[in-house]
Structures are given as structure tokens and as C-alpha cells.
Amino acid sequence: MPSPDRVVVGYDGSAEAALAVRWAARHAALTDCELQVVHSSLWPLLTNDLGPVKGIAGSGLQHQAQAILDEGKAEALSVAPRARIRSSLLYGLPAGHLRRIAEGARMLVLGSRGIGGFMGLLVGSVSLELAAAASCPVAVIRFDKNPEGRIVVGIDSSGSAGALSIACAMASATGADLMIIHVIRSHDRTANQAGGGQGAARRLLLTAAHDASGLAPDVTISQHVAQDTSVPRALLNAARGAALIVVGSKGRGLL
């Protein structure tokens, strides 16, 4: 059985994937987890000729795939030289492999986009699929400019217990402050009524803050009610200067 004390990260040689590997390595070291770096080569889907070119040392698609994996492991060691790291070279479409390997893991870490073309312009197709379908928490790393920043967690009317728990664990591991935010849509008619949207939001946040203080007693916790026509925009605005934003995989919206 795979160990649950394991962080899995996908690496495809892109700059975004390198950022994800470094973030994953630091997180694995902080939480005393093993790091598993995975590279999935697509070449066998296109050709059977993976071997070296005769007379040319270090050539061939299989060698190239191994070199990419070794590069990913080196990226991890560059920021966490004492981390426990293992690597896995697989062949085929990466989403299915990563979903299977990450079963039972503490976390799956991915870059915001890879080398796969236009589908990766905003969020890579593999990252998007795995964020929706993986059986463990998924971290999609876009930037790492504020490693000392706070952690922001967005909660909906359910309290988003899973997201809150992960955010508390991350804040405890890193020593970061935690901000809990709930967003009221501006077009909600009850938003400005006493005891309506605003009152319900404050009560929701008080409950969440109480739960968070039990999960992370040493963490400084703040609460924030935002009002916007766009929930994602409000969350992104609140997360300026943060190290991490945490959301649940499912909300209470139209989709």
C-alpha cells in the first residue's frame, strides 16, 4: 500500500512544472513527507522507436524521458537537499497516471500549465482535470512570489470543512497567518439586510474561525466578508500578497 505521508508532483520539463516541484519539495520537507516526482512520457503514443541512435551516446527518446525525470529530481533537491525523494518514469497520458499514483497521498502538486500547447494558456488541461477528479488534495502552483505570505481559504454556506482543514494544516506547517473569507454576491437581495446575507456571513465565519482555532491553535486567524458580483474575483483580490489560496472542489454555485 502506498504511504499516505507522501506528496506527489508531476514534472514535464516546463518552467511551471519546475516551480511546482520546488514548492512540493519544500512542502514535503516541512511536513516530513516523502516526495514522489513523476514524469509521464507521451512518445510511446507516437512511435515505437525509443532507443538510442546507433553510435550516438545519450541519444534516444527513452533517454530523453529519463533525463527530464532526473532534472525534476534535481529541482527538488536544489531547495530541499535532505528530502526523501523517489522518482517514477511512466509512459502515456499523464492525467490517468497521476490520478492513480496520487491515490492515498497527502497531496498532488501540479504546475499551472505545461508544454502541451494552447490548452495550457491559463490553466493546463491536465491540472484542470486532476483538480476536479483526484482523490486527494491538489495544489496548482501559479506563482511563488510570497512564500512568507498568509494563507487564504474561501468558504461557502456549507462551511467548506475540507478546504478549511487543509488550510489550517498548511498554516500550522508554515507558521503563516490564516484568513477565512466568505463572499456574498452583490446581486443577492438579502445581502444588505440586517440578519440576512451579512449577518449570516458573519455567523458562518465565526463558526469557521472557532473550528479553525481548534485545528490550528497556534495560528493567527482573521475573518473577512467580501461582496462582489464574482466570487472568484473577490477571492483573488483577498489573496493578493498571500502564499496560498485554498478552495473546495465543489461549491454552491450554478455549475
Output a table of donor-acceptor pairs, distance under 3.5 Å, between side-chain atoms of residues 215-223 and any protein atom two or more places apart or on a different chain; print 'none' if there are none.
none

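- Residues V247 and L236 do not share a hydrophobic cluster, defined by chaining ILVMFWY side chains whose heavy atoms lie under 4.5 Å apart.
- Side-chain atoms of S87 and Q36 include no donor-acceptor pair closer than 3.5 Å.
- Within the structure, salt bridge (charged side-chain N to carboxylate O under 4.0 Å, His left out) pairs that include any residue of residues 63-73 do not occur (at least two apart or interchain).
- Counting only heavy atoms from C-beta outward, the side chains of T31 and D5 never approach each other to under 4.5 Å.
- Contact detail for V21 and G10: the closest heavy-atom pair is CG2-O, 4.4 Å.
- R22 has a carboxylate O that lies under 4.0 Å from a charged side-chain N of E75, or vice versa, which qualifies the two as a salt bridge.
- For the atom pair OG of S160 and CG of L204, the computed distance is 8.0 Å after rounding to the nearest 0.5 Å.
- Atom CG of residue L69 and atom OH of residue Y11 lie 9.5 Å apart, to the nearest 0.5 angstrom.
- Contact annotation: the side chain of V153 never approaches that of M179 to less than 4.5 Å [non-hydrogen atoms, C-beta and beyond].
- In this structure, CG on L98 lies 9.5 Å from OG on S127, to the nearest 0.5 angstrom.
- The backbone N or O of E148 lies less than 3.5 Å from no partner atom in the side chain of N146, so there is not a single donor-acceptor pair.
- With a 4.5 Å cut-off on side-chain heavy atoms, N237 and L235 do not count as touching.
- The distance from atom CZ of R84 to atom CZ of R6, rounded to the nearest 0.5 Å, is 11.5 Å.
- Residues L164 and G159 share a closest heavy-atom pair of CB-O, 4.5 Å.
- Atom OG of S41 and atom CD of Q64 lie 7.5 Å apart (nearest 0.5 Å).
- The minimum heavy-atom distance linking V7 with A24 is given by the pair CG1-CB, 4.1 Å.
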When you look at V246 and V152, which way does the side chain to side chain contact (heavy atoms under 4.5 Å, CB included) test go after all the steps?
CA-CA 6 Å; V246 182; V152 175; over 6 Å; no
Is there a side chain to side chain contact (heavy atoms under 4.5 Å, CB included) between L130 and L108? Walk through the geometry before answering.
CA-CA 9 Å; L130 288 167; L108 172 61; 4.0 Å; yes
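- For I180 against A212, the heavy-atom pair with the smallest separation is CD1-CB, 4.1 Å.
- Between V8 and L35, every side-chain heavy-atom pair lies at or beyond the 4.5 Å cut-off.
- Using a 4.5 Å heavy-atom threshold, the side chains of I184 and Q198 count as touching.
- Of the N and O atoms on the side chains of S230 and D228, not one donor lies less than 3.5 Å from an acceptor on the other residue.
- Residues A133 and R99 share a closest heavy-atom pair of O-CD, 3.8 Å.
- Shortest non-hydrogen contact noted between A201 and H182 is CB-CD2, 3.5 Å.
- Side-chain atoms of V38 and L90, non-hydrogen and from C-beta on, do get closer than 4.5 Å to each other.
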Solution key, residues 165-178 side-chain donor-acceptor pairs under 3.5 Å, sequence neighbours excluded:
from	atom 1	to	atom 2	distance (Å)
S172	OG	C168	O	3.1
T174	OG1	M170	O	2.8
T174	OG1	A176	N	3.3

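- Here the side chains of I85 and V37 are in contact, with some heavy-atom distance below 4.5 Å.
- Salt-bridge formation is not detected for the pair E16/R142: no Lys NZ or Arg NE/NH1/NH2 atom is positioned less than 4.0 Å from an Asp or Glu carboxylate oxygen.
- You'll find the side chain of L244 reaches within 4.5 Å of the side chain of W23, heavy atoms only.
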